[in-house]
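Notes for the one structure printed next.
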Number of protein chains: 2
Amino acid sequence: MTDEDPVSRYTVRSVAKAFRLLSMVAEAPAEGVTLSEVSQHMGMSKSAAYGLVRTLLDADYLYAREPGPRYCLGTALVWLGDIASRRLPLRDITAPILARLSQQTGLTIRVARVDDGHPVFINRVDAVGAVRFHTPLGVRELPHTSAAGKAILAALPDAEIERIAADCGLPRRTRKTITEVPALLADITVARRRGYAIDDEEDFEGVFCVAAAFFDHDGDCAGALSATGIKVDLPAWRIEELGRMVRAGADEVTGLLGGRPRDREV
Amino acid sequence: MTDEDPVSRYTVRSVAKAFRLLSMVAEAPAEGVTLSEVSQHMGMSKSAAYGLVRTLLDADYLYAREPGPRYCLGTALVWLGDIASRRLPLRDITAPILARLSQQTGLTIRVARVDDGHPVFINRVDAVGAVRFHTPLGVRELPHTSAAGKAILAALPDAEIERIAADCGLPRRTRKTITEVPALLADITVARRRGYAIDDEEDFEGVFCVAAAFFDHDGDCAGALSATGIKVDLPAWRIEELGRMVRAGADEVTGLLGGRPRDREV
DNA sequence: TTCTTTCGTTCGGTATTACCGCACAGCATG
DNA sequence: CATGCTGTGCGGTAATACCGAACGAAAGAA
């Protein structure tokens, strides 16, 4: 066997397998998975899967739900995830601003940080009584299908945008997703002038987002705030108002970061 | 070597080590840990620690913060923790009640589920502008030092309380921690009559908690709601009012669970 | 009922592997 | 310059995690 690419020489394979297992459980239905499903999806014998699962159970990374047993994500992950998210500096700084925007707008407000041009949402505040969007945290999202992603791209030079677009390939998510680089650049040019970016059903049908980026002390984009709602609830005048509010919130974050906004025309 | 107790025959040791490493990082300062600290605390060579860390980095369970590199908990844990906590049935049910209580009281409201008589907090809503308590989620807490723990104990027969007390040994946390079984039983008897439990600086100096339990369809205690504040802000009349509000919130949760409250006198 | 299937669990044996020791490179600091 | 830290690489070997087979139990079919 001379496979070198899939894992580096230094990768501890058992650990990588354990993480693949956790990802599999995370992507499976909430009821959990059975041991046989694990062994099948992981391509390993039942006894090997059993050992892995037992290890995860002992560490509370999984728990067994009767009947079945069906295995679900355990409380140790709640613990680690809580600590990890609390330690993200952006989260504490932005939390009160998220809460205020959520109250003012009655919408779901999220904050993303930048990861190589891609947005990674790190916190979310659902407005009371609002529609709940099942948006994951801690995942690198596509930059061209979300308002936050486009707000982040807008802070980069066009050449950089083209590089990122080439990397991820602008996959289609809905009928209205922008899948061509020129159209993306045009949309971002408009966003730069306007001061906020818009996602008009480009990620999910019927869902509308408004987002604005904030900047750190180097003038680099550190992330974006976004407001998410149902399109039918958002006439043009409301979007304009939302854009101003999100823009103001993002500028406030920039101030708290001790940052200065980069010139709009990059 | 004939050690059998520390790990069962089915434990995948590398994975257990990876989890110990994550716990270590979680308990270390927020700035992260260096490779040498890892190898020391884990009792393994630097090269072995390097392999583990590389594996965790590749999976985004850790990320390297410059300078140093110092290793911190990564976004994959935010992702998994978010999914895990969203899938806890109690969390969705109680979320709006937490938000309402937090607004009404201006305090931090938490919800715990039961794990063998111990409370495990699974969600928290900080009131805007309130003091932030650094209370972890997803961890089995001591039953006798928190209001939530005592509210949960109050739903158990005295014999069961004595067993749990013997298990964890009632360790002291502050000057006012109850460390003797008779005093604990007396405190819980009062809580049963009153309808809510109190933690009067028994876990942290200066911190006061009020909690009430809720019940599932079997009449078993499923968890508790608690309100946490600074003692100097809470005169007796306010505590009484808080107790009524928390009790009402917990009863509401009981209703949503399709449950019926167990008879107070167990 | 009885047969059949499928589940989770357990146990040796062996091929795989993860670890230790050592050596080297990049930075700081003295 | 020397000296103390880092993190990074590479063999060799002891440790190990995996496979395959088998068992008891439970669920479904005849």
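Note on naming: letters A, B, ... go to the chains in the order of the sequence lines (proteins, then strands), and numbering restarts at 1 for each one. Treat the numbers as computed from the prediction; the structure is a model and nothing was measured. We use all heavy atoms of the structure for the numbers below, so side chains are in, but hydrogens, waters and symmetry mates are not.
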Whole Å only: how far is the [atom1] atom of [X] from the [atom2] atom of [N]?
X: A/Leu21; N: D/dC18; atom1: CG; atom2: P; value: 11 Å
X: B/Leu52; N: D/dT16; atom1: CG; atom2: P; value: 14 Å
X: A/Gln40; N: C/dC7; atom1: CD; atom2: P; value: 8 Å
X: B/Met44; N: D/dT16; atom1: CE; atom2: P; value: 12 Å
X: A/Leu56; N: D/dA17; atom1: CG; atom2: C1'; value: 14 Å

Contact under 4.0 Å: B/Arg13 side-chain N or O vs D/dA17 OP1/OP2: yes
Under-4.0 Å side-chain N/O to phosphate OP1/OP2 contact, A/Tyr50 with C/dT10: yes
Of the listed nucleotides D/dC18, C/dC19, C/dT9, the one nearest the side chain of A/Leu35: C/dT9
Under 3.5 Å: donor-acceptor pair, side chain of A/Asp216, backbone of A/Gly219: yes
Electrostatic pair A/Arg192:A/Asp158 at N-O distance under 4.0 angstrom: yes
salt_bridge(B/Asp82, A/Arg124) N-O dist < 4.0 Å: yes
Contact nearer the 5' end of DNA chain D, comparing A/Ser14 with A/Lys46: A/Ser14
Touch class at under 4.0 angstrom, heavy-atom based, for A/Ser47 against every strand present: base
Sugar-phosphate, base or nothing in reach of A/Arg54, heavy atoms under 4.0 Å: sugar-phosphate
Any N/O donor-acceptor pair, A/Ser36 side-chain to C/dG8 base, under 3.5 Å: no
Sole candidate of B/Leu73, B/Leu80, B/Thr55 that passes side-chain contact (heavy atoms from CB on, under 4.5 Å) when paired with B/Tyr61: B/Leu80
Given DNA chain C, 5'-ward residue of the pair A/Tyr71 and A/Lys17, judged by closest heavy atom: A/Tyr71
